[in-house]
Amino acid sequence: MKLTQAFKKKEFVITSEVGPVKGCARNGHNAAFIAEAATIQPYVHAFNVTDNQSAVMRLGSLAASVLLKQAGLEPIYQITCRDRNRIALQSDLLSACTLGIDNVLCLTGDHLKMGDHPTGKGVFDIDSVQLLDIARGLNQGHDMMGHELTAATDLALGAVVNPNFQPLDLQLLKMEKKIAAGAEFFQTQAVYDPKLFEAFVRKVEGVGVPIQFGLVLLKSPKMGTFMNERISGIKVPQALIDEMASVPPEGYKDKSLEIATRLLKEISPMVQGIHFMPLGWSDLVPQLASTARDAAR
Amino acid sequence: MIGTAKKPFDEILAALKGFQKIGMVGCDGCAKVCLTGGSDEVAALAQELKTQGKEIVFEASPERTCNMAKAKPVLDPLKDKIQASDALLVLGCGGAVQIARYVTETLGLTLPVKTGLNSVGHMDTTVPGQIAIEQCQECGDCILNDTGGICPVTKCAKGLLNGPCGGSEDGKCEVDPARDCAWVLIYNRMVALGEVDNLKKFVGAKDYSKAAKPRTLYIKEGRVA
């Protein structure tokens with residue numbers, strides 16, 4: 001099912017995320033990531049399947065997306081520009097549609113230096129805006145050079161935006177380009193400051209494209225500090241890190257739920273959906289999804 | 001200029017293994033600016049090689065070893081000494097090394113031509129004697145007219161053409177927090193110039209055929225092929 005259909009029906013769209021394993025998952029082996037996703041299937045519309053996230057080599061996002069589909073789950077196939085040139089990207093989009101994928105999220109991709117193959121050569125032949133434009137072309141029945149396809153793709157095209165970005169106007173400029181290039185829905189980078197998110201939402205009122213608030217579950221104070229120091233584009237307020245640190249480690253999960261609940265109550269009314277990045281705590285998603293839906297009503 | 005950095009001495013010795021008589025060719029152009037291959041650096045490395053038992057047959061540093069017009073007048077008269085050498089060691093960019101080899105071929109000589117440097121890019125000197133930075137990829141299709149005179153193809157680690165990636169934070173690049181995000185620089189420059197609306201234009205996929213290597217520049221015709 002294309003996510004765009006759910007947005008059109010004014011459903012509050014909940015998605016979660018799975019990271020493919022670093023290994024072969026043939027014949028159902030090594031597929032715990034699918035089992036984790038399956039446990040929350042009734043509570044979400046679809047699952048992002050990350051593409052060698054953080055530039056760490058893993059099972060491909062297309063193969064993992066197909067495995068999800070075979071397991072009856074709805075994948076959002078993430079595709080980045082880091083590892084493929086324009087021929088490979090277009091070919092993979094054709095492959096994705098051929099294999100039954102309905103949703104694709106077009107990203108630039110983390111730089112190789114961030115991952116486990118830092119000596120590799122980054123491709124970045126095209127960027128995420130161009131990729132959206134190219135994917136739209138495939139939907140219209142032609143490749144990026146204008147050559148006609150024997151059959152067009154039919155993919156819902158998603159994109160990302162980072163409300164933490166400074167200067168925000170530059171990020172919005174790129175967001176507008178993505179919309180003009182064919183983006184049909186957005187997922188945001190993780191944001192932990194409702195005021196900052198509200199300022200972003202006010203700026204994008206009227207863009208006419210649904211936005212899902214991105215929420216990475218904060219699992220420990222250490223994780224908050226790590227994200228501030230090592231993950232570009234995410235800012236965790238010190239007050240939240242301190243709040244997390246105010247409880248013993250066995251209380252982190254309850255505190256994480258409490259913080260996420262608070263954020264969702266404030267932010268859900270501003271958006272058309274939530275994108276959870278639970279990092280192994282998928283069992284919190286059902287309750288949080290319910291909180292978000294209630295808050296959005 | 002072409003930036004160069006010295007190879008580790010052990011690597012140079014390994015490249016010269018089995019060769020006793022060494023002819024040394026520097027470059028008093030870019031390599032001199034980089035303090036890697038001018039006359040002074042050639043002399044210094046020659047001394048080091050002597051301490052390792054090598055015999056230095058000659059030292060020469062053309063003004064631009066990458067240019068036949070400069071290299072040949074210096075090296076041609078050294079034909080006998082080149083012939084007497086077991087190998088040449090060039091302290092210049094990769095182009096200088098290959099021009100030096102080419103000169104030996106025009107002299108009818110066949111001997112190994114080794115390099116003592118690594119070429120590290122088209123570099124612009126910002127602090128003479130200290131800092132040179134990479135600002136141009138020679139992509140063959142310059143877009144500086146549209147980006148406030150700041151090149152995203154080079155200065156953005158991902159070469160993005162339509163704006164920054166999500167990894168930029170506080171104006172710095174995710175790859176190296178000490179490095180400015182090229183797109184924040186471009187944006188600020190375009191705001192200052194009153195041209196920020198130009199950044200709203202969609203920039204299509206780059207024509208990398210213009211950078212397809214190896215290119216030949218036909219100087220008189222101004223043609224690249």
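In the text below, chain A, chain B and the rest are named by the order of the sequence lines, each starting its count at 1.
Looking at Lys172(B), neither its backbone nor its side chain comes within 4.5 Å of chain A, counting heavy atoms on both sides. Lys178(A) does not touch chain B: none of its heavy atoms, backbone or side chain, sits under 4.5 Å away. Neither the backbone nor the side chain of Leu107(A) comes within contact range of chain B, judged by heavy atoms closer than 4.5 Å. Looking at Leu131(A), neither its backbone nor its side chain comes within 4.5 Å of chain B, counting heavy atoms on both sides. Contact annotation for Asn164(A): neither backbone nor side-chain heavy atoms come within less than 4.5 Å of a heavy atom of chain B. Only the side chain of Arg86(A) has a heavy atom closer than 4.5 Å to any heavy atom of chain B.
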Q | Evaluation steps, side-chain contact (heavy atoms from CB on, under 4.5 Å), between Asn162(B) and Gln130(A) | A | CA-CA 8 Å; Asn162(B) 281 289; Gln130(A) 294 159 352; 3.6 Å; yes
Q: I would like to know whether Leu173(A) and Met190(B) meet side-chain contact (heavy atoms from CB on, under 4.5 Å); could you show each step before the answer?
A: CA-CA 13 Å; Leu173(A) 190 147; Met190(B) 295 297 266; over 6 Å; no
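Counting heavy-atom neighbours within 6.0 Å of Arg136(A) CZ, excluding the residue itself, gives a total above 12. Within a 6.0 Å radius of CG in Leu35(B), other residues, nucleotides and ligands contribute more than 12 heavy atoms. Annotation: Glu148(A), atom CD; neighbour count of heavy atoms from other residues, nucleotides and ligands within 6.0 Å does not exceed 12. Other residues, nucleotides and ligands contribute over 12 non-hydrogen atoms within 6.0 Å of the NZ atom of Lys219(A). Counted within 6.0 Å of NZ on Lys32(B), heavy atoms from surrounding residues, nucleotides or ligands total 12 or fewer; the atom is thus considered open. In the displayed structure, Ile219(B) atom CD1 is contacted under 6.0 Å by at most 12 heavy atoms of other residues, nucleotides or ligands. For Glu134(B), the CD atom sits in a packed shell: over 12 heavy atoms of surrounding residues, nucleotides or ligands are nearer than 6.0 Å.
Here the shortest heavy-atom pairing between Ser232(A) and Gly167(B) reads CB-O, 2.8 Å. What you find for Ile234(A) and Glu169(B) is that their closest heavy atoms are N-OE1, 3.5 Å. Closest non-hydrogen pair, Lys113(A) versus Val175(B), comes out as CD-CG1, 3.3 Å. Minimum interatomic distance between Ala205(B) and Ile126(A) (heavy atoms only, all atoms of both residues): CB-CG2, 3.8 Å. Scanning both residues, Asn162(A) and Gly166(B), for their nearest heavy atoms gives ND2-O, 3.4 Å.
Separation of atoms CD (Glu174(B)) and CG (Asp110(A)) is listed at 5.5 Å; rounding is to 0.5 Å. Between the CG atom in Leu170(A) and the CD1 atom in Ile186(B) there is a gap of 9.0 Å [rounded to 0.5 Å]. Taking CG of Asn85(A) as the reference point, atom OH of Tyr208(B) lies at 11.0 Å (rounded to 0.5 Å). To the nearest 0.5 Å, atom SG of residue Cys173(B) and atom NE2 of residue His111(A) are 7.0 Å apart. To the nearest 0.5 Å, atoms NZ (Lys177(A)) and CG (Leu161(B)) are separated by 8.5 Å.
Note: Lys174(A) leads Lys174(A), Lys235(A), Arg230(A) in heavy-atom pairs under 4.5 Å with chain B. No other option in Cys181(B), Gly171(B), Ser168(B) has as many heavy-atom pairs under 4.5 Å with chain A as Ser168(B).
Without hydrogens or angle criteria, Lys158(B) side chain to Asp127(A) main chain gives no donor-acceptor distance under 3.5 Å.
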